[in-house]
Amino acid sequence: MNLIPLRRHRLATVLLLCCATQPLTASAINSAQIIASALSPSCLEYRIAGICYWLNCGWGGCRILTSVKVKHYIPNAVVSSYAQTGDNPWSEVAMLGTGIPGLAEGGGNNEQKRGLRKDNLRYKNADAIGHPALAAQVFNNFLGSMGYTCAGSATAFVPYFLSTLDALAWRSGVPESVYPEAVTPGLREVGSTGDMWGNVYPRSGFVTQVDDYKTAAVVAQRTADIITRTGQVHVYHPMTANKRDGYWPPEPVTENTGTKNHKWQRLAPAISSSCAVFPDSSNPIATDGAYAWVLWQPYSCCQKRGQTFLYSTDF
């Protein structure tokens, strides 16, 4: 099970109180920019997906009613991956990544060297925090203009993962370094032969990689892998939803599956208006080692039209 789950409301309150005084990193972004970037039809990808069938019974008997099934993506979380403790490029939440006094906080150099030679072992902190657009009226209006829409799994500004609170597992790789996913070549890796970015397990902050962007991307992928599952041996709050009649939340984030369960929108070092999956073709290097992406996830749903859900058909 997840160890020491993060408390939604308490940490959200802390987040809102600690915003304004942090120094900005070179690629700093703010909540207003993040909200504006979410107004992306190509990332939202709203479409009519099928038809739902409901059994509606009353005094006059029973009949079958239908409703439209829609599918679209939701920007659930901002996932940041950065070299130095406290340097989250999302300026208003940077203080959360500094850790709690008295606990192991990590930090330090993001590259390990032996003498004059680098062994390409890089380290990144990571944070995953509920997307601010989820509480913004401008985004809700944008989403509502599409028609019937689905509820997401996240709450704005809620910290779902802070690597400084998960210091033991994040800096040591224990116990995941001995998992089959970590010791079996070709299992749970981002990319493929000829374009291999790194392994998902162990889900820690260390990645063997020459390219800093790819390092940060692998760390972001690991973070999303953790928070979209329950019962992981990390300190985190699961960002999940349960399937119910007329509502189909996404499967856990899994690499190399296309956009089936997720996609990424880059925020830092430069904001992109489109989404992609790793490995992607646009990989700018941040001079300060700080990166951020929006994790978009797909949802399908239909409006309830009767007491009993029968089935749905997809186009």
Check: So do Val78 and Leu295 actually touch side chain to side chain, heavy atoms under 4.5 Å?
Finding: no

Note to self: Do the side chains of Asp166 and Arg171 get close enough for a salt bridge, i.e. N-O under 4.0 angstrom?
What the structure shows: no

List the atom pairs, with distances to 0.1 Å, where a side-chain N or O of residues 143-150 and a protein N or O form a donor-acceptor pair under 3.5 Å, not counting sequence neighbours.
unit_1, atom_1, unit_2, atom_2, d
Ser145, OG, Phe142, O, 2.6

Notebook entry, point to check: Does a donor on one side chain sit under 3.5 Å from an acceptor on the other, for Gln221 and Asp225?
Noted result: no

Next item on the list: Any chance you could measure Cys62, atom SG, to Gln307, atom CD, to the nearest 0.5 Å?
Entry: 7.5 Å

Next item on the list: Taking the six-membered ring for Trp and the single ring otherwise, decide whether the centroids of Trp293 and Phe278 are under 6.0 Å apart.
Entry: yes

Item checked: Close aromatic pair by centroid cut-off 6.0 Å: Phe161 and Trp170 -> yes

Next item on the list: For residues Glu181 and Glu176, determine if any side-chain heavy atom of one lies less than 4.5 Å from a side-chain heavy atom of the other.
Entry: no

Next item on the list: Can you establish whether the number of heavy atoms outside Ile64 located under 6.0 Å from its atom CD1 is more than 12?
Entry: no

Checklist line | Reported OG1-to-CE distance for the pair Thr155 and Met239, which is rounded to 0.5 angstrom | finding: 10.0 Å

Notebook entry, point to check: For Gly186, does its backbone N or O pair with a side-chain atom of Glu189 as donor and acceptor, under 3.5 Å?
Noted result: yes

Margin query: I'd like to check Met196 versus Val190 (side-chain heavy atoms, cut-off strictly below 4.5 Å). Are they in contact?
Written below: no

Notebook entry, point to check: Regarding Lys69 and the six-membered ring of Trp248, is the cationic atom NZ or CZ under 6.0 Å from the ring centre and inside 45° of its axis?
Noted result: yes

Notebook entry, point to check: Side chains of Asp280 and Tyr213: is there a donor and an acceptor less than 3.5 Å apart?
Noted result: yes

Next item on the list: List the steps and the verdict of side chain to side chain donor-acceptor pair (under 3.5 Å) for Ser300 and Arg47.
Entry: CA-CA 10 Å; Ser300 297; Arg47 66 182 179 89; over 6 Å; no

Notebook entry, point to check: Is the ring centre of Tyr73 less than 6.0 Å from the ring centre of Trp264?
Noted result: no

Check: For the atom pair SG (Cys275) and CH2 (Trp296), what is the distance rounded to the nearest 0.5 Å?
Finding: 6.0 Å

Checklist line | Contact check, side chains of Asn56 and Arg305, non-hydrogen atoms, under 4.5 Å | finding: no

Checklist line | salt bridge (charged side-chain N to carboxylate O under 4.0 Å, His left out) evaluation trace for Asp212 with Lys124 | finding: CA-CA 10 Å; Asp212 194 55; Lys124 297 286 185 183; 3.0 Å; yes

Item checked: Within-4.5 Å side-chain heavy-atom neighbours: Leu39 and Val138 -> yes

Item checked: Which residues share a salt bridge (Lys or Arg N to Asp or Glu O under 4.0 Å) with Arg266, sequence neighbours left out -> none

Next item on the list: Would you tell me whether Asn30 and Ser91 have side-chain atoms, one donor and one acceptor, within less than 3.5 Å of each other?
Entry: no

Check: How long is the span from the CG atom in Leu65 to the CG atom in Leu55, to the nearest 0.5 Å?
Finding: 8.5 Å

Margin query: Check this for me: does any side-chain nitrogen of one of Glu251 and Lys260 sit under 4.0 Å from a carboxylate oxygen of the other?
Written below: no

Note to self: Let's go through Asn88 and Ser80 carefully: what are the C-alpha distance in whole Å and the side-chain angles of both, what is the deciding distance for side chain to side chain donor-acceptor pair (under 3.5 Å) to 0.1 Å, and is it a yes or a no?
What the structure shows: CA-CA 6 Å; Asn88 187 325; Ser80 304; 2.9 Å; yes

Margin query: Are the side chains of Val93 and Asp127 in contact, using a 4.5 Å heavy-atom criterion?
Written below: no

Item checked: Pro284 to Pro269 - nearest heavy-atom pair and separation -> O-CG, 3.8 Å

Checklist line | Ser67/Trp54 under side chain to side chain donor-acceptor pair (under 3.5 Å): CA gap, chis, key distance, verdict | finding: CA-CA 8 Å; Ser67 59; Trp54 304 84; 3.0 Å; yes

Check: Got Thr240 and Ser153 here, is their nearest side-chain heavy-atom distance under 4.5 Å?
Finding: no

Note to self: Just checking Asp195: does its CG atom have more than 12 heavy atoms from other residues, nucleotides or ligands closer to it than 6.0 angstrom?
What the structure shows: yes

Next item on the list: Over all heavy atoms of both residues, which pair between Val219 and Ala126 is shortest? Give the atoms and the distance, please.
Entry: CG1-CB, 3.8 Å

Next item on the list: Name all residues meeting the side chain to side chain donor-acceptor pair (under 3.5 Å) criterion together with Lys214; count only those two or more places apart in sequence or in a different chain, and write none if there are none.
Entry: none

Note to self: Side chains of Asn76 and Tyr299: any donor to acceptor distance under 3.5 Å?
What the structure shows: yes

Margin query: Less than 4.0 angstrom from a charged side-chain N to a carboxylate O is my criterion; do Lys263 and Glu45 meet it?
Written below: yes

Note to self: Between Trp90 and Ser31, does the side chain to side chain donor-acceptor pair (under 3.5 Å) criterion hold? Intermediate values first, please.
What the structure shows: CA-CA 7 Å; Trp90 183 359; Ser31 297; 3.1 Å; yes

Notebook entry, point to check: Under the 3.5 angstrom rule, does the side chain of Tyr46 hit a backbone N or O of Ser42 as a donor-acceptor pair?
Noted result: no

Margin query: Quick check: do Ile51 and Tyr311 have side-chain heavy atoms less than 4.5 Å from each other?
Written below: no

Checklist line | Presence of salt bridge, Asp245 and Lys304, under 4.0 angstrom | finding: no

